[in-house]
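The shown structure was predicted, so the numbers you read here are calculated from the model rather than taken from an experiment. Every number for a ligand or one of its atoms is a count from 1 in the order of the listing.
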Amino acid sequence: MTDLHRLSIRELSEGLAEAKFSSRELTEHYLKRIEKIDAQVQSYVTVTPEQALAQADAADAAIKAGHASALTGVPIAHKDIFCTQGIKTTAGSKMLDNFISPYDATVVAKAKAAGLVTLGKVNMDEFAMGSTSESSYFGATKNPWALDHVPGGSSGGSAAAVAADLAPFATGTDTGGSIRQPASFCGLTGLKPTYGRVSRFGMIAYASSLDQGGPMARSAEDCAYLMNVMAGHDAKDSTSVQKDVDDYVANLNGTSVKGLRIGIPKQYFNVQGLDADVKTRVEESLKKLEEMGATLVEIDLTMTDAYVPTYYLIAPAEASSNLQRFDGVRYGYRCENPVDLMDLYKRSRSEGFGPEVQRRILIGTYALSAGYYDAYYVKAQKVRRLIQQDFLKAFENVDVIAAPSAPTTAYRIGANLSPVEMYLGDIYTIAVNLAGLPAINAPVGFDKDNLPVGLQLIGNYWSESQLLSVIHQYQQATDWHTKRAAIAEENA
Ligand code: GLN
């Protein structure tokens, strides 16, 4: 079969079970595509053909023996922030260029236990800090829809790999939008789960109180399959929550769009810098949901202006603390010929971290320093609580909240946004992480340059099933999620 990369996860699962094709064939098909096409996209940092083929053979044996799970033999790409035993894990940084983890992240271990085949590790902004994937030490990943544009970030490699059909789905992480925004820029569906739903064990930390892993795929249905693998309590992560996991696939039709109350925050659609095409496409998608029986309710999210300053204090503060461990002594990059210990610390960190990471360490260290802690960090924590309360108040009257995922479509590579311009682009995603809520991006059309536009739906705590179900029904009634970039049509 030459078009295996066109199949949905359900079709892959069924095809493998019915022996229409083997996992080896499927894996070889993807490896060939990566070899042929990824030079243009640059989504992978590391491809692992030998391990993938061994896993595929084991999957084929399990399927034959009748021990298969729904995803046994299906290939996947992991964001290079998830530790993989025996395979390089870089977090997009020179600091970890040669780091080989002695253990698997829980998400990776679960994927292996489910029989998924790891194709390799995909690119990302350095330590997940950024919105373009350009801050990676390994260079910029390209947007499959327009190779001179960014795929978004920080999970840009995950998004580009799926959008170019170089992996059927991928893991991502979202600290302030890094699943939803690249999904939006690349025309994909991506889910950021409730904080605590997916284990952070072995996921290299950016900002611990905000980080959350989740699935990136073509459709809500595909995401549901991966959520069934990723979600769940983990004794190795103390912030992972002990709460029963839904069967996200079984629940895909569990929520009716009929009668669904969708909150439309009036502040969100008047944001300066909201692109006219993005606004129109998102409004059209809401109209479609209305036709399907939803009710649109205008709501007030009064804290909108505080999102960017609050997030850009808390995230760097936590990052500066998390990144202290990279000191050139224990692991990671070490400078050449240090003259003394101070020199070793200073030069290892100056040479090992890129400019965006250093900027965040400086901001965070400043905000946490004795003289400024109360004025900045503590204040930001108080505002964070107000932002959360704002959402909870809104959820008294609505079931979900709608927003764009980003004010614009994908930027040009090298657009050279100032840091503040880039941070302002996170306006629609970061409050969700500050509040710990779940949210999903779904593709809803294109702008005048044929770049994808995304709709974001934000849910109340633990409403992942509801979000996936609403988008699943939207996707049954529309075909935006089936559109493919020209490069994805190429055959290997
Ligand atoms: N763009 C945001 C930042 O740079 C979000 C990144 C993320 O979610 N990892 O912090």
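For the salt bridge (Lys or Arg N to Asp or Glu O under 4.0 Å) condition, the pairs that include at least one residue of residues 192-201, sequence neighbours left out, are Arg200-Asp237.
Residues Tyr331 and Phe326 bring their aromatic ring centres within 6.0 Å. Aromatic ring centres of Tyr366 and Tyr372: separated by under 6.0 Å. Residues Tyr333 and Phe353 keep their aromatic ring centres 6.0 Å or farther apart. Ring centroid separation for the pair Trp145 and Phe446 comes in under the 6.0 Å cut-off.
Each of the atoms 4 (O) of ligand 1 lies under 4.0 Å from some heavy atom of Met129. If you number the atoms of ligand 1 from 1 as listed, the ones under 4.0 Å from a heavy atom of Ser154 come out as 9 (N). Residue Tyr311 has at least one heavy-atom neighbour below 4.0 Å for each of these atoms of ligand 1: 2 (C), 3 (C), 5 (C), 10 (O). Every atom of ligand 1 is numbered from 1 in the order shown, and the set under 4.0 Å from a heavy atom of Tyr312 is 1 (N), 2 (C), 3 (C), 4 (O), 10 (O). Remark: ligand 1 atoms within the under-4.0 Å shell around heavy atoms of Ser131 are 1 (N). Near Gly176, meaning under 4.0 Å from any of its heavy atoms, are these atoms of ligand 1: 5 (C), 7 (C), 8 (O). Listed by atom number, the atoms of ligand 1 under 4.0 Å from Ala128 heavy atoms are 6 (C), 7 (C), 9 (N).
The residue Phe127 has no part lying near ligand 1, judged by heavy-atom distances below 4.0 Å. Contacts between Thr175 and ligand 1, counted as non-hydrogen atom pairs separated by less than 4.0 Å, involve both the backbone and the side chain.
Ligand 1 lies less than 4.0 angstrom from a heavy atom belonging to Arg360. At least one heavy atom of Gly177 lies less than 4.0 angstrom from ligand 1. In this structure, Tyr423 falls outside the shell of residues with a heavy atom less than 4.0 angstrom from ligand 1.
Just one residue in the list Gln181, Glu126, Lys79 forms a side chain to side chain donor-acceptor pair (under 3.5 Å) with Ser154, and that residue is Lys79.
For atom 7 (C) of ligand 1, the closest non-hydrogen atom of the protein is Ser178 OG, 2.3 Å. The nearest heavy-atom contact from the protein to atom 2 (C) of ligand 1 is Asp426 OD2, 3.2 Å.
Residues Tyr248 and Leu252 fail the side-chain proximity criterion, which asks for heavy atoms closer than 4.5 Å.
In this structure, a donor-acceptor pair under 3.5 Å is absent between the side chains of Asp104 and Thr84.
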Task: Residues Tyr312, Tyr423; criterion ring-ring contact (aromatic ring centres under 6.0 Å, His included); working and verdict - done: CA-CA 8 Å; Tyr312 277 99; Tyr423 302 164; 3.9 Å; yes

Open item on the list: If you apply the rule salt bridge (charged side-chain N to carboxylate O under 4.0 Å, His left out), what do you find for Arg349 with Asp327, and how did you get there?
Closed with: CA-CA 6 Å; Arg349 287 169 67 82; Asp327 55 7; over 6 Å; no

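Here's the thing with Asp174: none of its N/O atoms is less than 3.5 angstrom from an N/O atom of ligand 1. Residue Gly130 has at least one nitrogen or oxygen atom sitting less than 3.5 Å from a nitrogen or oxygen atom of ligand 1, judged on distance alone.
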